[in-house]
Amino acid sequence: MATPHEPKQDRSRATRQRLLEATIDCLAETGWAAATVSVVAERAGVSRGAAQHHFPTREELITAALEYMFDGRNQQAKDETAAVAALADGVERTEAVVAGLVESYTSPLFKAALQVWTHAAADPALRERIVPLEAKFGRISHRRAVEALGVDDTDPVTHHLVQATLDMARGLGLADVLTDDSARRKLIVQQWASTLHTALSAPR
């Protein structure tokens, strides 16, 4: 049964979500320094007072945006895993998995996270908040990749191949920050997918 409080709660949730999404957009597009409460509030279409009602300090806003960001990246990885699950085993499936992983590291979410990582390198308090979140995301990404590839991660060689793929995807994401690296990236994804498929299919 509906209650009189639900519309207000819905509005509050919607405002909070707009603020978090605006924070991520600001981080990805204009960097850490520009992602102030005032700028985020204006971008979200709410007053500074409304923003501070939800997040009294910038640190609380950034921390909440980080958690929202990692949830988004986890959902993105989950969606990509589901999309390739329907493909038949073969190099095409391997390439789809690799391409999906690389895509997740060239998204606005990754670019926003990169801004926070860079700042956290010189901010011990922020780093304390980020490291557990990033470690959790790393474990989930690895598990999703293993599931999508349909391989046995208890095999050390397989485990390291999957981790190398994730590390490569992150590196390609970094290469895309300053310039459009999509043409070269596509060739690398195709080559690595072929190499990875052969390596994963080799008898142990």
Side-chain angles (χ1 to χ4, degrees), residues 1-80 82 100-141 144 166 169-182 185:
M1 180 180 293
T3 71
H5 298 293
E6 281 181 347
K8 184 177 180 180
Q9 290 171 346
D10 289 345
R11 287 197 301 272
S12 179
R13 279 194 294 268
T15 298
R16 187 177 191 277
Q17 183 172 344
R18 287 205 306 275
L19 286 166
L20 295 175
E21 290 175 350
T23 302
I24 293 168
D25 289 343
C26 284
L27 286 167
E29 295 172 16
T30 58
W32 174 271
T36 63
V37 175
S38 296
V39 171
V40 168
E42 182 178 356
R43 185 162 190 150
V46 303
S47 68
R48 180 183 171 88
Q52 289 182 314
H53 170 74
H54 286 274
F55 307 104
T57 67
R58 186 183 187 219
E59 289 71 23
E60 288 176 271
L61 174 62
I62 296 292
T63 300
L66 274 177
E67 293 172 351
Y68 185 79
M69 189 189 313
F70 284 115
D71 286 344
R73 287 173 66 195
N74 285 334
Q75 185 59 49
Q76 192 177 60
K78 185 177 181 180
D79 291 344
E80 286 159 2
L101 291 171
V102 170
E103 187 67 26
S104 71
Y105 283 103
T106 55
S107 69
L109 289 176
F110 174 73
K111 289 179 170 64
L114 183 59
Q115 290 290 331
V116 181
W117 291 343
T118 303
H119 188 79
D123 184 335
L126 183 61
R127 188 165 63 245
E128 252 184 59
R129 291 173 174 157
I130 292 175
V131 168
L133 284 172
E134 184 57 29
K136 180 181 178 182
F137 175 75
R139 289 192 299 271
I140 292 172
S141 295
R144 297 273 184 224
L166 289 165
R170 188 181 296 111
L172 289 173
L174 289 172
D176 190 63
V177 170
L178 296 178
T179 59
D180 181 1
D181 199 43
S182 54
R185 186 168 67 247

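Worth saying up front: this structure is predicted, and the values here are computed from it rather than measured.
- The shortest non-hydrogen separation linking Pro124 to Ala122 is CD-O, 3.7 Å.
- With contacts defined as side-chain heavy-atom distances shorter than 4.5 Å, the pair Lys111/Asp176 qualifies.
- When all heavy atoms of Ala41 and Ser47 are compared, the closest pair comes out as CB-O, 3.9 Å.
- What you find for Ala64 and Arg16 is that their closest heavy atoms are CB-NH2, 4.0 Å.
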Return a table of donor-acceptor pairs under 3.5 angstrom between the side chains of residues 129-139 and protein atoms on other chains or two or more places apart.
| residue | atom | partner | partner atom | Å |
| --- | --- | --- | --- | --- |
| Arg129 | NH1 | Thr63 | OG1 | 3.0 |
| Glu134 | OE1 | Arg73 | NH1 | 3.4 |

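- The list of ring-ring contact (aromatic ring centres under 6.0 Å, His included) pairs with a residue in residues 113-133, not counting sequence neighbours, reads Trp32-His119, Phe110-Trp117.
- Arg43 and Cys26 get closest at one heavy-atom pair: CD-SG, 3.6 Å.
- Closest approach of Leu27 and Gln115 over heavy atoms only: O-CG, 3.0 Å.
- With contacts defined as side-chain heavy-atom distances shorter than 4.5 Å, the pair Leu66/Met69 qualifies.
- The line from CD of Gln52 to OG of Ser38 is 7.5 Å long, rounded to the nearest 0.5 Å.
- Scanning all heavy atoms of the two residues, the minimum distance from Val40 to Ala35 falls at CG2-C, 4.3 Å.
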**Report entry** Leu101/Leu166 under side chain to side chain contact (heavy atoms under 4.5 Å, CB included): CA gap, chis, key distance, verdict
**Finding:** CA-CA 7 Å; Leu101 291 171; Leu166 289 165; 3.8 Å; yes
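- With hydrogens and angles ignored, the 3.5 Å screen pairs no side-chain donor or acceptor of Arg185 with any backbone N or O of Gly173.
- By the salt bridge (charged side-chain N to carboxylate O under 4.0 Å, His left out) test, Asp25 pairs with no residue at all, sequence neighbours left out.
- Distance check: Leu114 CG to Leu109 CG gives 12.5 Å after rounding to the nearest 0.5 Å.
- Under the 4.5 Å side-chain criterion, counting only non-hydrogen atoms from C-beta, Phe55 is in contact with Leu20.
- Arg58 places no side-chain N or O within 3.5 Å of a backbone atom of Val37 that could act as its donor or acceptor partner.
- Rounding to the nearest 0.5 Å places CD1 of Ile62 at 9.5 Å from CD1 of Ile24.
- Proximity of Arg144 to Ser141: side-chain heavy atoms (C-beta onward) are nowhere separated by under 4.5 Å.
- Side-chain contact between His54 and Ser12 is present, with at least one heavy-atom pair separated by less than 4.5 Å.
- With rounding to the nearest 0.5 Å, the separation of CD in Glu103 from CG in Leu172 is 11.5 Å.
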